[in-house]
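Report on one structure; see the data block that follows.
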Number of protein chains: 2
Amino acid sequence: MTATKVTLKDVAARAGVSYQTVSKVLNGEMQVAPETMERIQAAVRELGYRPNRIARNMRAGRSFMIGYSWTQTEPGQVNHILDQFLSSMVREAGVVGYYVLPFPFQEGKAQVETYRDLIKSGNVDGFVLSSVNYHDPRIQFLLKQQFPFVAFGRSNPEWDFAWVDIDGAAGTRQAVEYLIGRGHRRIAILAWPEDSRVGNDRLQGYLDAMQADQLATEPGYILRGEGTFEVGRAMTLHLLDLPADRRPTAIMALNDTMAIGAMAAARERGLTIGTDLAIIGFDDAPMAQYLFPPLSSVRQPIAEAGRKCVELLVALVEGREPQQRQVLLQPSLIIRASS
Amino acid sequence: MTATKVTLKDVAARAGVSYQTVSKVLNGEMQVAPETMERIQAAVRELGYRPNRIARNMRAGRSFMIGYSWTQTEPGQVNHILDQFLSSMVREAGVVGYYVLPFPFQEGKAQVETYRDLIKSGNVDGFVLSSVNYHDPRIQFLLKQQFPFVAFGRSNPEWDFAWVDIDGAAGTRQAVEYLIGRGHRRIAILAWPEDSRVGNDRLQGYLDAMQADQLATEPGYILRGEGTFEVGRAMTLHLLDLPADRRPTAIMALNDTMAIGAMAAARERGLTIGTDLAIIGFDDAPMAQYLFPPLSSVRQPIAEAGRKCVELLVALVEGREPQQRQVLLQPSLIIRASS
DNA sequence: ATGATAAAGGCGAACGTTCGCCTTAAAAGA
DNA sequence: TCTTTTAAGGCGAACGTTCGCCTTTATCAT
């Protein structure tokens, strides 16, 4: 009801004690007489007092904010991750008294400067990084600065830092094992360029699964390119135009967008998806279930990852050494009609 | 390089002036001798000084934060909006010296309390609301509190507040006019429940277009239900099972998810989409272009909306009366093979 | 009665800014 | 020469907390 800001002093005046006492009582750092307690609580209630967060942070010397920035996807790509990931971070942060501060993603040299500025201006107590790859300059920088951060995704193995990641290799392995179990022998994979750590991780699962079943991994079945519809389509057309005895019967794509490209290519060649050609994607984009036929895919526990990132980061920020500094989460295979 | 926090006093000591002078010089509020200026700038550079944002906000009595909260979509739905909308807000906010503060979305009674807390604790200077509908309690509350906010979406017409919205009626009208232009006469619409303002707005465009062309809007062609795949599919099956002379030749869906449901239904009945039955969606979800056939849809200028929301809100927060308190943005029709 | 102990709460200081007003010395006007 | 103006910068205070230490009064054991 009160329009103007209510401070500790207002509460104190009304309760007839000093404002510092009110502070201590509210923070449970002081014993007071029951009737004093009552008066203070009444004053707080009646005035609708809420501690001013800025002043509190000022005094604490920190911001209780977690910096987070993400690469905006180009038009035509989906970031179905963001909603889940950010929501779960925000929620988990709220529980432990933090907020998430999104800031604009910068490319190149300016990127590290953005992080430096946020640190120096006291805007954040720590960072969650996403879109991490090999040699990530942010990781190098934050390690050198000894500033708390958690990466969603791994980077160079020789760097020691806290991360949360999804076991991409396990996801692909599961999918390929499923295909092998269904009798497929000629299984191709639509992979990503060699400089993608995520891509290499997921590819490794394919190699592992094939090898475990004594299947020779024919080099021609491993195609690399950007993870777009067009690339997925082109790669698949190439595969489908191989001689009949070498043409793959199953295709694993490292993301759903490529898998959808593969579906388009199969349709162009008149193949029935799921029967003539099995296709499995990765990410389990929300649309995957509505495709025709519905696309099998590997689902990642994104919300769980967001929660873990925050949990880990807050432990680091507050100086508690967390039980595990590296968290690897297991994805799950969702089988639908495409495979 | 310096690990510890650098304050105005550190800079002042190094430059040999008082710290208040440094403050004024850096804020351009004071004339000093050129050589003093030089010394200050050098000290700032060498120490890597950045003003502490918390202290600055403390002094200013405000947070330079914009509160934003969104309804997390249930699994299986996409929030392809969020990335664009939030990114553009964050970017625009950064330009004018603000940050966006995401906070957990609460349902029911707790929702307004969340807003009240954020205000009272001085956490935010204003709000951007999304998922606005009729009788939105947040709008009622914020109007009564006279706290600055901008709604992304309209609400009760009798309430006077700042909003940015996309002209849904115009979008649907454009789409339906296109269908009429292509010779369609029996055009059905998959609409939303009557309590959805967005749904009613979009539906109005359909009615307008039909009426403008003297086409009777057959009540049986207006179906209402939740905007899900299943509902879209069921509605379409119902429509396709009408007698041949009453069966619609075109279907307009109020979102892409329903449109995809319609596509599934058409396929089940053995119809060729785009030829036997035209389908147009709304939202232009990223996947729409990759469907088979690619789905025509109405694209909304989301990034523009995000920018406008921030621009408008900051004007309100800073007491500048903006040139227009209501902004209606035009969507555009993207024609693909489904229509 | 007397000193020790505990309970209840007051008080000053500090976090890092910005703001308004004051002081000093040099320059300009008479 | 004396007063007035201007330039350059100093200084105290305040924003709303929390923290540590101090004071007062009542309680207890001796």
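Below, each value reflects all heavy atoms present in this structure, side chains not excepted, and no hydrogens, waters or symmetry copies. So you know, we letter chains A, B, ... as the sequences are listed, proteins then strands, and number each from 1.
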Before giving the answer on side-chain contact (heavy atoms from CB on, under 4.5 Å), spell out for B/His135 and B/Asn156 the whole-Å C-alpha distance, their side-chain angles and the decisive distance to 0.1 Å.
CA-CA 6 Å; B/His135 314 301; B/Asn156 294 16; 3.0 Å; yes
DNA chain C: A/Gly16 or B/Met58, which has the more 5' nearest nucleotide?
A/Gly16
Using the side-chain contact (heavy atoms from CB on, under 4.5 Å) rule, take A/Ser63 and A/Tyr99 through it: C-alpha gap first, then chi angles, then the decisive distance, then the call.
CA-CA 9 Å; A/Ser63 63; A/Tyr99 282 99; over 6 Å; no
Not counting sequence neighbours, list each pair that qualifies as a side chain to side chain donor-acceptor pair (under 3.5 Å) and has a residue in residues 102-112 of chain B.
none
I'd like to know if A/Arg197 pairs up with A/Asp165 as an ion pair, taking the criterion as any Lys NZ or Arg NE/NH1/NH2 lying under 4.0 Å from an Asp or Glu carboxylate oxygen.
yes
side-chain contact (heavy atoms from CB on, under 4.5 Å) evaluation trace for A/Asn123 with A/Met65
CA-CA 7 Å; A/Asn123 251 314; A/Met65 294 260 178; over 6 Å; no
Which atom pairs link the protein and nucleotides 4-6 of chain C when you take only N or O atoms and keep those under 3.5 Å?
none

Kindly state which residues belonging to residues 23-37 of chain A come within less than 4.0 angstrom of DNA chain C, counting heavy atoms of the residue only, listed by number.
A/Lys24, A/Met30, A/Gln31, A/Val32, A/Ala33, A/Thr36
On DNA chain D, reading 5' to 3', which nucleotide is the first and which the last to sit with an atom under 4.0 Å from a heavy atom of chain A, could you check?
D/dG16 to D/dC21
For B/Phe147, all residues meeting ring pair (Phe, Tyr, Trp, His ring centres under 6.0 Å), sequence neighbours excluded:
B/Phe127
Looking at B/Leu312, B/Val314, B/Val327, B/Leu313, which hits side-chain contact (heavy atoms from CB on, under 4.5 Å) with B/Pro322?
B/Leu312
Test applied, ring pair (Phe, Tyr, Trp, His ring centres under 6.0 Å); reference residue, A/Tyr115; option that passes from A/Phe103, A/Phe149, A/Phe141
A/Phe103
Tell me, please, which residues at least two apart from B/Phe152 pass ring pair (Phe, Tyr, Trp, His ring centres under 6.0 Å).
B/Phe85
